[in-house]
Amino acid sequence: MRISRTLPVAAVVAAAGVLSLGAVPAQAAEYSSALKVKGVQYDAPGRDSNKCSGGNTAAEYLTIKNYSKTAKVNLKGYVVKDAAGNKFTFTKSHTLEPGDYIKLRGGRGTDSDTKNVVYRQNCNFMWNNDKDTIYFYKPSGARADVHSYTKKANDRDGNGYINYHG
């Protein structure tokens, strides 16, 4: 008498040692989005000072780029968060042409599409100088991009800037 059992495909593959069910780093996933984080100046040059007048929070910035070859994308409704839950929502229209970028800076200032800058209007630093995670969400709530970093592993030259999508 022959006994036949049907196993789920994942169990068979895992038993064969082909499938690894270990944790996958957040940045390993590639999200379907024209807009991605190009890089982050997570550690502003100089001694950190979050004073609205004379501080250096504007020297901390996140660069978001439109990697599409044809589509224009409006940033209105996109959200940037860090690991602690601090967040910034683009509430105004900022249309990025294909290949264009914008720098989201700390501090207070005047947003300018011609100068490719949006200010968070907040004088507190958003990114930690030792490690953090950058979450970038579409207006729908779906992830557009995510990157975790540590100063030691990702900033080999120590200049406080990490480049992601070239």
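Hydrophobic clustering (ILVMFWY, side-chain heavy atoms < 4.5 Å, transitive): Val79 and Val146 are in one cluster. Tyr61 and Leu96 are assigned to two separate hydrophobic clusters, defined by single-linkage of ILVMFWY side chains at heavy-atom distances under 4.5 Å.
Rounded to the nearest 0.5 angstrom, Thr133 OG1 and His147 NE2 are separated by 11.0 Å. Note that the NZ atom of Lys152 and the CG atom of Asn154 stand 12.0 Å from one another [nearest 0.5 Å]. Taking OH of Tyr119 as the start and NZ of Lys103 as the end, the distance is 10.5 Å to the nearest 0.5 Å. A distance of 11.5 Å separates CG in Asn163 from CD in Gln41, rounded to the nearest 0.5 Å. For the atom pair OG1 (Thr95) and CG (Asn74), the distance works out to 4.0 Å, reported to the nearest 0.5 Å. Taken from OH in Tyr101 to NZ in Lys38, the straight-line distance is 8.5 Å, to the nearest 0.5 Å.
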Take Asn129 and Asp48, measure what side chain to side chain donor-acceptor pair (under 3.5 Å) needs, and give me the verdict at the end. CA-CA 10 Å; Asn129 289 351; Asp48 286 354; 2.8 Å; yes
Show the numbers, then the answer: is there a ring pair (Phe, Tyr, Trp, His ring centres under 6.0 Å) between Tyr78 and Phe136? CA-CA 7 Å; Tyr78 276 80; Phe136 184 45; 5.2 Å; yes
Walk me through whether Thr89 and Thr91 qualify under side chain to side chain donor-acceptor pair (under 3.5 Å). CA-CA 6 Å; Thr89 302; Thr91 58; over 6 Å; no
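Within a 6.0 Å radius of NZ in Lys138, more than 12 heavy atoms belonging to other residues, nucleotides or ligands are found.
A side-chain contact (heavy atoms from CB on, under 4.5 Å) with Ile102 holds for exactly one of Asn66, Thr63, Ile64; it is Ile64.
Tyr42 and Tyr149 have their aromatic ring centers within a separation under 6.0 angstrom.
Taking the charged nitrogens against the carboxylate oxygens, Lys65 and Asp100 have no contact shorter than 4.0 Å, which rules out a salt bridge.
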